[in-house]
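Sequential numbering from 1 along the given sequence is applied to the chain's residues.
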Amino acid sequence: MSVYQSIDYQLMLRAIEMAKNGMFTTAPNPNVGCVIAHGEDIVGEGFHYKAGEAHAEVHALKAAGDKAKGATVYVTLEPCSHYGRTPPCSEALIKAGVSKVVCAMEDPNPKVAGQGIQMLRQAGIEVLVGLMEEEAHALNRGFIKLMKTGLPFVQLKMAASIDGQTALSNGESQWITSSLARSDVQHFRSKACAVLSTSKTVIDDDASLNVRWSELPECTQQKYPESELRQPVRIILDKNNNLSSSLKLFQADGEIVVVNSEEGNLDSPIDESGQFDLAELFRRLAKSHHINHIWVEAGATLGKSLIQAGLVDELVLYLAPKIMGSDGKGLFGALGIESMQDVININIQDVRHVGPDLRLVATLN
């Protein structure tokens with residue numbers, strides 16, 4: 001028999017929706033939502049808006065005031081137990097006199113990792129863990145992966161014709177997909193800690209790779225002023241120093257990390273074949289720039305390298321209703337696969353129209 005009632009699901013769902021309010025501003029901190037209630041009566045709610053500012057529980061407690069005493073707290077991530085840039089949320093909940101805390105999931109951060117739950121229980125507060133855990137996990141894929149593996153969550157975005165070609169044989173590729181698909185990309189960029197590409201892609205497209213607020217959905221524009229929009233770090237692989245200062249990349253606001261093979265560039269580990277060691281690069285970027293979620297916009301060479309290295313968590317593929325023929329340039333180039341047992345299988349999670357194009361989202365086995 002479940003320990004949860006229907007009202008518990010309703011209020012945790014409300015906390016999850018609250019957490020989503022921080023998805024464009026909170027990184028590299030996790031998205032967290034909190035609801036405080038007496039039965040069905042919500043007395044306070046809040047979400048974590050930006051790293052360094054008050055956590056979701058603090059906002060909810062402030063809204064609840066004295067009504068927090070004896071209440072049940074629904075929070076999407078275990079309340080923190082350590083002093084960082086803000087005091088421990090577990091301590092604040094204890095001081096407020098809440099009677100019960102329902103956590104969607106335990107915090108994978110080793111600084112917390114069950115200690116917040118333990119602190120609450122030692123104070124006599126009932127704690128339940130695991131309600132809508134899968135939905136809560138989806139809020140913070142980058143944060144969770146980094147805490148568990150030391151590597152960021154990687155989304156690989158690619159675009160092709162319906163027959164899998166990314167460019168004509170002469171290299172022409174602007175534009176395969178529609179303007180609506182390109183605007184859709186802005187939504188993904190805005191949620192990532194970093195956007196990664198190569199100097200070839202930047203030069204070929206004269207790409208800025210920043211988030212263009214005017215192309216975000218209207219509802220997003222209304223909720224987040226342009227001044228509050230967090231620009232992801234732009235990481236460019238430029239092994240042979242081909243970038244020039246005249247490119248649009250350098251005219252747009254936001255931090256840029258150029259990774260090259262120059263001695264002393266700590267972000268550019270080179271493997272035995274003389275290529276970038278992408279896994280080590282990602283580990284270093286995670287530590288030096290607090291990056292837990294990378295959105296990659298790549299051509300065939302980088303896309304192939306990431307897939308072969310097993311670094312792609314999710315593939316976002318835009319397919320245009322165009323036929324370019326096999327004399328074009330394919331999505332991943334030659335992979336050296338000679339047996340059907342060795343093909344790379346994907347799990348398609350979502351397929352939908354974006355204007356005239358199809359957007360396919362898949363995970364890799």
Side-chain angles (χ1 to χ4, degrees), residues 3-109 111-112 114-133 135-140 143-144 223-224 228:
V3 296
Y4 301 114
Q5 306 299 317
S6 61
I7 187 61
D8 296 319
Y9 287 92
Q10 292 172 35
L11 293 175
M12 184 61 79
L13 179 60
R14 175 63 183 168
I16 288 170
E17 291 303 310
M18 289 295 296
K20 291 178 181 178
N21 288 318
M23 68 173 59
F24 299 104
T25 57
T26 307
N29 279 15
N31 297 301
V32 182
C34 179
V35 172
I36 301 176
H38 287 276
E40 298 182 2
D41 183 21
I42 295 175
V43 295
E45 56 187 14
F47 66 95
H48 185 36
Y49 186 71
K50 188 177 293 185
E53 296 185 1
H55 289 186
E57 297 94 324
V58 174
H59 286 299
L61 285 170
K62 184 177 180 180
D66 293 341
K67 293 180 180 178
K69 188 171 184 178
T72 298
V73 178
Y74 298 85
V75 62
T76 58
L77 186 69
E78 174 187 358
C80 62
S81 56
H82 64 290
Y83 282 88
R85 285 186 280 184
T86 59
C89 291
S90 292
E91 185 177 285
L93 292 170
I94 293 168
K95 288 181 178 178
V98 304
S99 63
K100 182 177 179 180
V101 176
V102 183
C103 305
M105 62 178 289
E106 186 176 301
D107 192 333
N109 185 344
K111 293 180 179 179
V112 184
Q115 296 179 59
I117 294 168
Q118 183 180 11
M119 184 185 295
L120 292 168
R121 285 175 173 161
Q122 288 176 341
I125 297 172
E126 180 184 359
V127 182
L128 298 176
V129 183
L131 177 62
M132 301 184 72
E133 183 174 7
E135 292 84 349
H137 189 287
L139 290 169
N140 296 300
F143 174 78
I144 293 168
K223 184 178 291 187
Y224 303 92
E228 288 291 303

| query | Does the pair M119 and I94 meet the rule for a side-chain contact (heavy atoms from CB on, under 4.5 Å), with working shown? | reply | CA-CA 9 Å; M119 184 185 295; I94 293 168; 3.8 Å; yes
Output, in order, the C-alpha distance, side-chain angles, deciding distance and verdict of side-chain hydrogen bond (donor to acceptor under 3.5 Å, both in side chains) for H48 and N29. CA-CA 9 Å; H48 185 36; N29 279 15; 3.0 Å; yes
- Does NZ belonging to K95 count more than 12 external heavy atoms closer than 6.0 Å? no
Practice problem: Would you mind reporting whether V32 and F47 have side-chain heavy atoms less than 4.5 Å apart? | Solution: no
| task | Check whether any side-chain N or O of E78 sits under 3.5 Å from a backbone N or O of D107 as a donor-acceptor pair, and report yes or no. | result | yes
**Request:** Report yes if the side chains of L128 and Y4 come closer than 4.5 Å at any heavy-atom pair, otherwise no.
**Result:** yes
Are the side chains of M18 and N21 in contact, using a 4.5 Å heavy-atom criterion? yes
Exercise for the section: Taking the side chain as every heavy atom from C-beta outward, state whether I144 and H137 have any pair of such atoms under 4.5 Å apart. Expected result: yes
Q: Report yes if the side chains of M105 and V129 come closer than 4.5 Å at any heavy-atom pair, otherwise no.
A: no
Heavy atoms of A37 and L11 approach each other most closely as CB-CD1, 3.8 Å
Rounding to 0.5 Å, atoms NZ (K100) and CD1 (I36) come to a distance of 15.0 Å
Do C103 and P79 come within less than 4.5 Å of each other through their side chains, counting heavy atoms only? yes
**Request:** Assess whether salt bridge (Lys or Arg N to Asp or Glu O under 4.0 Å) is satisfied between K20 and E17, documenting all intermediate values.
**Result:** CA-CA 5 Å; K20 291 178 181 178; E17 291 303 310; 3.1 Å; yes
Between I125 and L93 the two heavy atoms that sit nearest each other are CD1-O, 4.5 Å
Smallest heavy-atom separation, R14 atom then I42 atom, equals CG-CD1, 4.4 Å
- Message: When you compare the side chain of C34 with that of E45, does any pair of heavy atoms fall below 4.5 Å?
- Response: no
When rounded to the nearest 0.5 Å, the distance separating CD of E91 from SG of C80 is 9.5 Å
Do L139 and P30 make a side-chain contact, defined as non-hydrogen atoms from C-beta onward lying under 4.5 Å apart? no
Interatomic distance, CD@E135 vs CD1@I16, rounded to 0.5 Å, equals 5.5 Å
Below 3.5 Å, can you tabulate the donor-acceptor pairs from side chains in residues 60-76 to any protein atom, sequence neighbours excluded?
unit_1: Y74; atom_1: OH; unit_2: D8; atom_2: OD1; d: 2.6
unit_1: T76; atom_1: OG1; unit_2: G33; atom_2: N; d: 3.0

Under the criterion side-chain contact (heavy atoms from CB on, under 4.5 Å), I'd like the reasoning laid out for N31 against F143: C-alpha separation, chi angles, the key distance, then a yes or no.
CA-CA 9 Å; N31 297 301; F143 174 78; over 6 Å; no
